[in-house]
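A, B, ... follow the sequence lines: proteins, then strands. Residue 1 opens every chain.
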Amino acid sequence: MNQSYNHREIEKKWQDKWSESQIFKTQIDADKKKKYVLDMFPYPSGAGLHVGHPEGYTATDIYCRYLRFNNFSVMHPMGWDAYGLPAENYAIKMGVHPKDSTKKNIENFTKQVKSFGFSYDWDREINTSSPEYYKWSQWFFLLLYKSGLAYKKKAPVNWCDSCKTVLANEQVVDGKCERCSREVVKKDLEQWFFKVTAYAEELLNGLDNLKWPEALKAMQRNWIGKSEGALIKFQITNDKCQIEVFTTRPDTLYGATYMVVAPEHKLVNELKDKIENFDEILLYIEKTKKKSELERTELNKNKTGVLLKGINAINPVNQKEIPVYISDYVLSTYGTGAIMCVPAHDERDFEFAKKFKLEIIKVIESSIENADGAMELSGVMINSEEFNGMSSDEAKEKITKKVGGTLTTQYKIRDWLVSRQRYWGAPIPIIYCDVCGTVPVPEGDLPVLLPEDISDFRPTGKSPLESSISFHSVKCPICGKDARREYDTMDGFVDNSWYYYRYLDPKNENEFCSKQNIEDFMPVDCYVGGAEHAVGHLIYSRFFTKVLRDNKYLDFDEPFPRLINQGLIMGSDGQKMSKSRGNVVNPDDVINEFGADSFRLYEMFMGPLVDSKPWNTDGIRGQRRFLDKIFQYFENFKYGKESNDELLSLLHKTIKKVGNDIENFRLNTAISALMIYFRELSKQNNLSKEYVDSFLIMLSCFAPHISEELWEKLGNKDLIEKESWPKHDDKLAKDEKVNLPIQVNGKFRDMIEVDVEISEDDLRALVLSQEKIKKYVDTKEVSKFIYVKGKICNIIT
RNA sequence: GCCGUGGUGGCGGAAUUGGUAGACGCGCUGGACUUAAAAUCCAGUAAAUGUAUAAUUUGUGAGGGUUCGAUUCCCUCCCACGGUACCA
């Protein structure tokens with residue numbers, strides 16, 4: 001296609017000028033209102049930027065430029081999430097040191113990000129793998145440790161045998177490792193955890209007040225997984241042992257006809273001598289151990305289990321003896337690892353009972369009956385002695401009380417497993433001493449540097465840091481005797497749980513961030529990024545902020561009150577972009593051919609930011625065409641003295657609409673409004689300054705390079721960035737005359753031009769005198785005359 | 001199964017509190033320019049009937065309802081996408 005301007009030259013020119021003039025440096029000014037606009041920082045992968053990255057980045061850039069025009073002090077930083085599994089796996093694949101590959105990838109990403117002309121304050125750039133940064137990640141670990149929120153314990157944890165490390169629950173997707181898709185297995189290991197569960201209730205309740213997408217809030221609610229119920233103890237016959245269960249349905253206790261304990265339940269061992277078929281039980285436990293989590297949950301239709309022979313439990317509500325089974329459909333990690341089973345009112349228990357031919361007793365009646373299966377709704381109590389006739393909801397508390405149980409709340413969310421048996425992460429700042437035990441590294445000794453004298457950092461199941469003697473053999477900070485360092489490293493998600501604080505004070509050597517800076521800029525006013533971080537990063541970050549608050553570092557509850565998820569950019573075939581499908585679009589190629597301005601405009605014009613939408617190369621041609629026309633119009637343009645009332649009215653409407661749309665991230669309609677205005681503008685010549693300047697200022701948010709170039713061509717000496725957002729005048733934005741659609745009996749019949757302020761009586765007379773309308777009204781009587789000012793007129797006969 | 005989001009031309013999408021459905025862009029069709037093509041410019045473009053006009057009818061996943069009027073609100077259902085799932 002014929003291009004009217006050289007985007008390569010122009011875009012480079014203005015990027016250099018912006019950089020030289022430091023125009024995007026955050027203005028810290030007490031007189032200005034602040035806005036902190038944050039992008040989710042990328043991890044610098046080897047593949048480079050994909051077209052999804054600039055989608056969110058362009059949107060925030062437009063918003064920030066708009067805010068600067070409106071005299072806000074804007075904090076808009078960028079950095080690199082450089083530690084963690086993805087970066088390390090890439091280095092291993094390439095056979096290089098992660099330090100080197102990370103450095104190279106960051107250089108490439110920087111070049112790519114800069115080619116879009118984003119208005120970041122680059123002085124605040126951070127890199128989570130630099131010692132200046134991870135010193136404070138380690139400081140956070142110590143803060144959590146001192147607050148009793150970091151602890152080490154042996155527990156069944158997720159293990160990926162391909163990445164050779166443990167994983168947090170949040171990093172297991174469909175029973176598989178998020179990074180390599182290997183099926184995750186459970187292993188009993190001693191690991192470090194952060195006590196996220198301590199904040200479960202607050203994390204849940206806090207969601208109500210956040211301006212976040214509903215879908216995302218729902219995901220977090222679901223992840224936190226609150227259920228209210230009761231803990232009830234069942235006595236084992238002829239033994240001191242008791243089985244405690246958690247149930248959300250204590251009202252169904254009369255229908256409990258058997259119990260099931262998880263294979264990992266400690267009771268199995270305790271009752272070893274009394275279980276007559278212990279060999280059989282052991283065999284079953286061995287079998288479940290070999291199953292992956294995926295197998296254990298996927299085969300949920302076909303339940304397995306073994307009866308504990310010689311053991312019975314007593315239902316505390318009616319003293320009936322009921323059998324006890326062991327089965328892997330009960331999870332050891334939720335509730336008490338044991339359940340009471342009510343097959344009449346629980347689908348899973350029903351399936352198990354059918355298979356093992358167990359008694360099914362109905363204890364609740366509901367108008368909606370389920371012919372074949374369990375009735376899980378609430379209703380009226382039956383077969384429940386003194387509770388018969390009571391509503392089941394009411395019976396919950398009463399029955400719990402009768403059997404001496406306690407009402408309680410359970411959550412699905414687990415503590416966050418943060419230790420990793422991997423090289424590329426911040427070392428955990430802990431020392432083990434034979435005399436003093438677990439000793440935190442004194443703050444003054446931070447950072448604990450990641451050793452570089454390691455020849456082989458490939459994962460083996462043990463942390464590669466173990467092989468560096470200079471690293472792990474140390475003196476105990478308390479007693480001075482020989483001790484060793486913890487050689488596991490931290491999950492990369494620890495680093496990015498607090499990065500938005502570091503941007504505010506990236507060079508501070510004494511604090512993770514000064515109180516003043518937190519006060520000045522937190523919380524983040526607008527956070528934009530992908531939905532994939534719904535339950536990992538976004539829960540951890542909220543958790544960190546609450547911990548900081550409880551340690552008096554700040555006084556707000558939530559780091560991100562407003563959050564927007566941008567949608568995915570799909571391939572032109574409507575499928576997710578992937579190498580194997582061959583539908584990947586490389587942003588470098590697009591910028592080279594059409595320019596960054598066209599790219600930015602196109603991605604914003606595709607549709608609403610939050611929707612996922614397919615890429616279409618013809619679409620970007622349209623945006624380039626728009627810019628070419630603008631360039632041509634301005635090439636020989638000189639300010640004149642002409643004015644034009646109609647155009648002026650359109651201008652003020654456009655200013656209002658574009659401003660509104662930007663604030664609400666409706667960038668597709670903002671661009672459409674600019675196109676409409678330009679179409680009318682380009683029909684005129686010799687226009688005075690305001691018609692032209694306002695347009696270029698608005699355009700510069702979206703297409704900043706070409707706008708600067710044209711601004712200069714018009715003879716302006718300073719950067720367009722230094723201008724202010726044009727003010728719109730509501731009076732001018734309003735029309736004096738409107739085209740009013742006229743309906744007869746709800747059907748559109750005519751359009752007449754009327755004064756906006758016309759009275760209803762005048763309008764009625766005018767409308768009824770119209771030939772077209774007369775035809776439809778005919779001789780019939782007008783029973784109703786509806787007029788909505790400026791909108792519509794409807795005549796009912 | 002449960003939770004969430006959505007369903008509008010050939011395509012991406014637009015439609016403040018219910019008020020001309022299809023803005024804007026892409027594509028397509030016709031024309032101008034050109035030896036020709038590309039690019040550019042002009043016109044048209046929801047569907048059906050009709051005479052490329054006029055006019056009429058239908059139309060926002062399906063079916064009902066409220067209303068003078070429904071893409072928008074209510075009910076029932078279908079479909080797609082995303083999340084989650086033996087959580088007792």
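- The glycosidic torsion of G9(B) lies within 90° of 0, placing the base in the syn range.
- E757(A) has a carboxylate O that lies under 4.0 Å from a charged side-chain N of K789(A), or vice versa, which qualifies the two as a salt bridge.
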Any N/O pairs under 3.5 Å between the protein and nucleotides 22-31 of chain B? List them or say none.
| residue | atom | partner | partner atom | Å |
| --- | --- | --- | --- | --- |
| C24(B) | OP1 | R679(A) | NH1 | 2.9 |
| C24(B) | O4' | S672(A) | OG | 3.3 |
| C26(B) | OP1 | R625(A) | NH1 | 2.8 |

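- Counting to the nearest Å, the P atom of A85(B) and the OH atom of Y334(A) are 13 Å from each other.
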- Item | Residues F352(A), Y329(A); criterion ring-ring contact (aromatic ring centres under 6.0 Å, His included); working and verdict | CA-CA 9 Å; F352(A) 190 88; Y329(A) 88 88; 5.3 Å; yes
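- Taking the six-membered ring where tryptophan is involved, the planes of Y602(A) and W615(A) are perpendicular, since the angle between them exceeds 60° and thus also 30°.
- For the pair E680(A) and K683(A), the salt-bridge criterion is met [side-chain N within less than 4.0 Å of a carboxylate O].
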Sub-3.5 Å pairs of nitrogen or oxygen atoms, protein against nucleotides 66-76 of chain B:
| residue | atom | partner | partner atom | Å |
| --- | --- | --- | --- | --- |
| C68(B) | OP1 | K784(A) | NZ | 3.4 |
| C68(B) | O2 | N794(A) | ND2 | 2.5 |

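- For U17(B), the base has a donor-acceptor partner in the side chain of K791(A) [N/O atoms by modelled type, under 3.5 angstrom].
- Rounded to whole Å, the distance from CG on N222(A) to P on G4(B) is 10 Å.
- Considering only residues two or more places apart in sequence or on other chains, S759(A) meets the side-chain hydrogen bond (donor to acceptor under 3.5 Å, both in side chains) condition with D762(A).
- Smallest separation of non-hydrogen atoms from L647(A) and Q684(A): CD2-CG, 4.0 Å.
- Which of A14(B), G83(B), U20(B) sits closest to the side chain of P608(A) comes down to A14(B).
- Closest contact between the side chain of K303(A) and the listed nucleotides G19(B), C86(B), U84(B) involves C86(B).
- Going from atom CG of D611(A) over to atom P of G12(B) covers 11 Å, rounded to whole Å.
- Counting to the nearest Å, the C1' atom of U20(B) and the CD1 atom of I752(A) are 13 Å from each other.
- Note on R749(A): every side-chain N or O is 4.0 Å or more away from OP1 and OP2 of A55(B).
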